[in-house]
Amino acid sequence: MKEQIAQLLEKTVEVLKQRGVLPADAAPRIQVDRTKDKAHGDLATNLAMMMAKPARTNPRALAEKIIEHLVPSDLVSRVEIAGPGFINFYLNPEWLAGRIEAIQQDPRCGVAAVAAPQTVVVDYSSPNLAKEMHVGHLRSTIIGDAVARTLEFLGHNVIRQNHVGDWGTQFGMLLAHMEELHKQGGELRMQLADLESFYREAKGRFDASESFAERSRQLVVELQSGDAYCLKLWQEFLDISLNHCHELYRRLNVSLDRSHVMGESAYNDDLPKVIDDLDAAGLLTEDQGAQCVFSDEFMSQDGSLLPMIVQKKGGGFLYATTDLAAIRYRQKVLNAQRVLYFVDIRQSLHFRQLFAVARKAGFVKDDTQLEHMAFGTVMGDDGTPFKTRSGGVAKLADLLDEAETRAYQLVKEKNPDMSDDELQHISRVVGVASVKYADLSKNRSSDYLFSFDNMISFEGNTAPYLLYAYTRVASLFRKAEISEDNAGAKILLTDEYETELAAKIVQFEEVVGRLAEKGCPHILCGYLYDLAGQFSSFYKNCPVLNADDEQIRKSRLALAQVTARVLRRGLSLLGIETLERM
RNA sequence: GACCCCGUAGCUCAGCUGGAUAGAGCAACUGCCUCCUAAGCAGUAGGUCACAGGUUCGAAUCCUGUCGGGGUCGCCA
């Protein structure tokens, strides 16, 4: 609706230009906002205030001219001038009712597919396979997944890339440890069931034994030179580690599968070529034996330049080299028009350099969008990065276990007679949803405080509140003994609760669009919370099944149905399942 | 030292491209279950938007400076 009103205003601006009210070269950035206060209508524009000066008049006088020449539309029922020169629009309830009727028939909940689909590469999750996934991987994994799902829903060609850490010196000690265990005839799969302790043991051996450390370094060299024995050990390790990851993805309802894995090692053969091409482009400078790219964009005030090191003095490559190879692959092979990196904010300098160098080297086209979708750190109560009670790194799997246990206790408290199977199912969904939603609902770029108490409190802007709102609709339909599909009806907006709910439903499209543009799922979370709140008010104040009038009963049932569908669709874009009862 | 980010109610967080009286939830206090799930609804109270200037008809939002917190900065990723 913002969009439609902006279009009306645009046409009006043209008319006013022809009439000489506005200067012919005026090209105002038309802004339409939702009002905070109902007294100011539903939508407002500041156009008259912006253009008063160029039009050599005062805002209110210009506002009158704008209204006078406003192209008629059935979208608005009333237009008013208010305050210093705002133009307030009141939505036409009949138009609103018509929109809801349309959305009712629309499996996409009123969200049109984009006119110009893009090929979007989404780089997310990207765990280090040497270790087990921990709390630090949570944000990239679920925020990236929500954005990928949303872009896909909008009709973009989404290519997921799980840029796993499957290469590097640490694999030397892991392979050496595997080798020792093999020789001892140990059951390797069992040992690797707990990757975290396997890594600790290997590290322990590395630090304690010089001969083990020597063997580790040797294995790295052999691995890099493509030794068959080393490669076999390495692949065995990766396979087990990847299985761990995908078990977690399944549990988290994350849409990544093995086909999305494109690890660091995949670019190995391309790394020397990257250096050659940087050299050919005249970007390479040798400094203290290392190959660097300098650029005046990364100069501090004292004139010193920040290098991006792409090759170590020993000839080895770095993550910068791999990232350059990856960015080129995404452009040349995947034909990306937009590349999104869901990576910790602490790497923002790295990405600024990476993007700048990639452009200079011609690895990406000028109009390819490169965006570092940075996120902040998950913090504990003490204001430092989140740790377990014992001070160790919190494994993702343990975190989910605890969330599910807490959810189980609460659900059981509320439903003492429920079967254990159902309790298990509900607490599993609620537990995972709570952890995910707590993260998704916070602004991506800032740090946030991890608190089980807050996320499973079942109050406020939490997953349980949204899931509960959804189950209330499901319950209505059970009581009404009709399936949700049969709710098609004429929509009658007879009071403010119905109107408010309808107005909120209609905003879904715009919200999904903003999420896709900014890569910020918290925008959708905030919307769904508002929607659920609006529904709860409606539910409390407007009898649905007990409505006096049959037409109103049908209309309200339909409103409830559309609300539920938007909730379910919205949650599914966030990668969160819904429940029929809880 | 340089660069980047942050500072909003006691706590956790929103606040869009500058817009009208800065919003939610928790905690505190009031009401509401003969009524479709009270995991709910309705309400009260709580603010010098770190501070000081500036731009603007209008600033939490943009600019400059100060203070406070965090992060990053040539061979880890």
Side-chain angles (χ1 to χ4, degrees), chain A residues 29 31 33-37 39-40 44-46 49-50 52-53 58-59 82-86 88 126 128 165 168-170 264 287-292 294 298-314 316-320 322-323 343-350 352 374 376-377 383 410-411 413-415 430 438 441-443 445-449 451 453-455 457-462 464-465 467-469 471-476 478-480 510 514 518 520 522-523 525-526 529-530 533 536-537 539-547 556 560 581-582:
Chain A
R29 198 167 35 86
Q31 192 176 331
D33 290 319
R34 279 195 292 277
T35 55
K36 287 175 192 158
D37 189 337
H40 299 134
T45 183
N46 57 6
M49 291 186 289
M50 272 169 58
K53 210 172 258 183
N58 68 70
F86 289 103
N88 294 338
S126 308
N128 179 357
T169 48
Q170 56 200 329
E264 292 172 348
D287 193 70
Q288 297 169 40
Q291 296 299 326
C292 306
F294 289 98
F298 300 101
M299 181 167 51
S300 49
Q301 269 179 1
D302 56 16
S304 64
L305 288 167
L306 278 178
M308 185 188 212
I309 300 180
V310 292
Q311 190 169 26
K312 298 194 262 192
K313 63 182 163 205
F317 303 110
L318 299 101
Y319 71 118
T322 310
D323 279 347
V343 180
D344 196 303
I345 195 164
R346 283 171 292 194
Q347 293 193 35
S348 53
L349 176 61
H350 166 68
R352 279 171 52 211
T377 310
L410 279 166
V411 176
E413 210 174 282
K414 293 284 175 187
N415 308 283
V430 169
S441 61
K442 266 98 186 173
N443 191 331
S445 57
S446 47
D447 296 345
Y448 84 94
L449 206 80
S451 159
D453 290 337
N454 285 353
M455 70 179 74
S457 72
F458 294 58
E459 279 160 346
N461 190 5
T462 61
Y465 179 85
L467 294 175
Y468 180 64
T471 61
R472 288 179 134 184
V473 185
S475 160
L476 278 180
R478 272 198 303 277
K479 282 255 162 57
E510 176 208 324
R514 263 182 28 226
K518 302 201 162 189
C520 289
H522 84 279
I523 296 171
C525 294
Y529 177 56
D530 286 347
S536 291
S537 297
Y539 183 81
K540 190 71 191 176
N541 294 289
C542 303
V544 178
L545 301 177
N546 306 330
R556 287 181 177 170
R581 62 182 95 215
M582 61 187 279

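Note that the structure is a prediction, hence the values are computed from the model and not measured. In what follows, every heavy atom counts, from backbone to side chain, and hydrogens, waters and symmetry copies are set aside.
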- [ ] Just jot down the salt bridge (Lys or Arg N to Asp or Glu O under 4.0 Å) partners of A:Asp344, sequence neighbours excluded, or say none.
- [x] A:Arg346

TODO: Mind checking side chain to side chain contact (heavy atoms under 4.5 Å, CB included) for A:Arg514 and listing every partner two or more places apart, or none if nothing turns up?
DONE: A:Arg34, A:Glu510, A:Ile523

TODO: Tell me, please, which residues at least two apart from A:Asp33 pass side chain to side chain donor-acceptor pair (under 3.5 Å).
DONE: A:Gln31

Open item on the list: Using the ring-ring contact (aromatic ring centres under 6.0 Å, His included) criterion, which residues pair with A:Tyr319? Sequence neighbours excluded.
Closed with: A:His350

Please list, pair by pair, any protein nitrogen or oxygen found under 3.5 Å from a nitrogen or oxygen in nucleotides 8-12 of chain B.
none

Task: Per-nucleotide protein contact string for nucleotides 70-77 of chain B, where B marks a base within reach and S marks sugar-phosphate only (heavy atoms under 4.0 Å, - for neither) - done: -SSSBBSB

Open item on the list: Does the structure show A:Phe86 stacking with B:A20, if we require the centres to be closer than 5.5 Å and the planes to be within less than 30 degrees of parallel?
Closed with: yes

Task: Nucleotide of B:G15, B:C36, B:C4 approaching A:Leu476 most closely (side-chain heavy atoms) - done: B:C36

- [ ] Enumerate, in order of first residue number, the stems that involve RNA chain B, defined as 3 or more consecutive Watson-Crick or G-U wobble pairs with both distances under 3.5 Å.
- [x] B:1-7 with B:67-73, B:10-13 with B:23-26, B:28-32 with B:40-44, B:50-54 with B:62-66

- [ ] For A:Thr35, enumerate each residue passing the side chain to side chain donor-acceptor pair (under 3.5 Å) test, keeping only those at least two apart in sequence or located in another chain.
- [x] none

Taking N or O atoms only and anything under 3.5 Å, show me the protein contacts with nucleotides 39-42 of chain B, one pair per line.
residue, atom, partner, partner atom, Å
B:A39, OP2, A:Lys414, NZ, 2.8
B:A39, N6, A:Asn415, ND2, 3.0
B:A39, N6, A:Met582, O, 3.3
B:G40, OP1, A:Phe458, O, 3.2
B:G40, O2', A:Arg472, NH1, 3.0
B:G40, O2', A:Arg472, NH2, 3.1
B:C41, OP1, A:Tyr465, OH, 2.7
B:A42, OP1, A:Ser537, OG, 2.7

Between the protein and nucleotides 55-61 of chain B, list the N/O to N/O atom pairs that are separated by less than 3.5 angstrom.
residue, atom, partner, partner atom, Å
B:C57, OP1, A:Lys53, NZ, 2.5

Open item on the list: For the base of B:A14 and the side-chain ring of A:His522, does the geometry meet a stacking cutoff of under 5.5 Å between centres and under 30° between planes?
Closed with: no

Task: Any residue meeting side chain to side chain contact (heavy atoms under 4.5 Å, CB included) with A:Leu306, in chain and number order, not counting sequence neighbours - done: A:Phe298, A:Leu349, A:Gln353

Open item on the list: List the residues meeting side chain to side chain contact (heavy atoms under 4.5 Å, CB included) with A:Asn541, not counting sequence neighbours, and say none if there are none.
Closed with: A:Tyr497, A:Ser537

